[in-house]
Participant: 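One structure, as structure tokens, below. Some questions next.
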Amino acid sequence: MAHIPIRTCIACNSKKDKKELIRVTNNEKQENNKKLGRGAYICHSIECLEKAYKLKKIDEKNYERLKGIIIDK
Ligand SMILES: [Zn+2]
């Protein structure tokens, strides 16, 4: 059996298969990398996205970008 990488959602803290989460990258703002850490992940849900944004875990650019990805699916 292959090892399944588990990641934690930055909004709801639930642990999920990496494939079920969206990677949050932030290449444009170096400061935010500290907040996010390396390779932050979020659920494929608008609720978690809103929550992460309210908690300032993601910036506006990521919020808009991820919203586009989530709504698109
Ligand atoms: Zn979540």
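One-based numbering, in listed order, for ligands and for the atoms of each.
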Participant: How long is the straight-line distance from NZ of K19 back to CZ of R7, given to the nearest 0.5 Å?
Facilitator: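 Rounded to the nearest 0.5 Å, the CZ-NZ separation comes to 12.5 Å.
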Participant: For the Zn ion (ligand 1), check which protein N, O or S atoms are under 2.8 Å away and list them.
Facilitator: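 Protein N/O/S atoms under 2.8 Å of the Zn ion (ligand 1): C9 SG, C12 SG, C43 SG, C48 SG.
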Participant: What distance separates I10 CD1 from K57 NZ, expressed to the nearest 0.5 Å?
Facilitator: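 Going from CD1 on I10 over to NZ on K57, the span is 6.5 Å.
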Participant: Under 3.5 Å, side chain of D17 to main-chain N/O of E20, donor-acceptor pair present?
Facilitator: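 No, because the side chain of D17 does not come within donor-acceptor range (under 3.5 Å) of the backbone of E20.
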Participant: Drop me the distance from I42's CD1 to K16's NZ, to the nearest 0.5 angstrom.
Facilitator: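 Answer rounded to 0.5 Å: 10.5 Å.
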Participant: In the structure I gave you, are the side-chain heavy atoms of S45 and I70 within less than 4.5 Å of one another anywhere?
Facilitator: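 No - every pair of side-chain heavy atoms lies 4.5 Å or more apart.
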Participant: Just list the side-chain donor-acceptor pairs under 3.5 Å for residues 46-53, sequence neighbours left out, or say none.
Facilitator:
unit_1: E50; atom_1: OE1; unit_2: Y63; atom_2: OH; d: 3.1
unit_1: E50; atom_1: OE2; unit_2: Y63; atom_2: OH; d: 3.1
unit_1: K51; atom_1: NZ; unit_2: A11; atom_2: O; d: 3.3

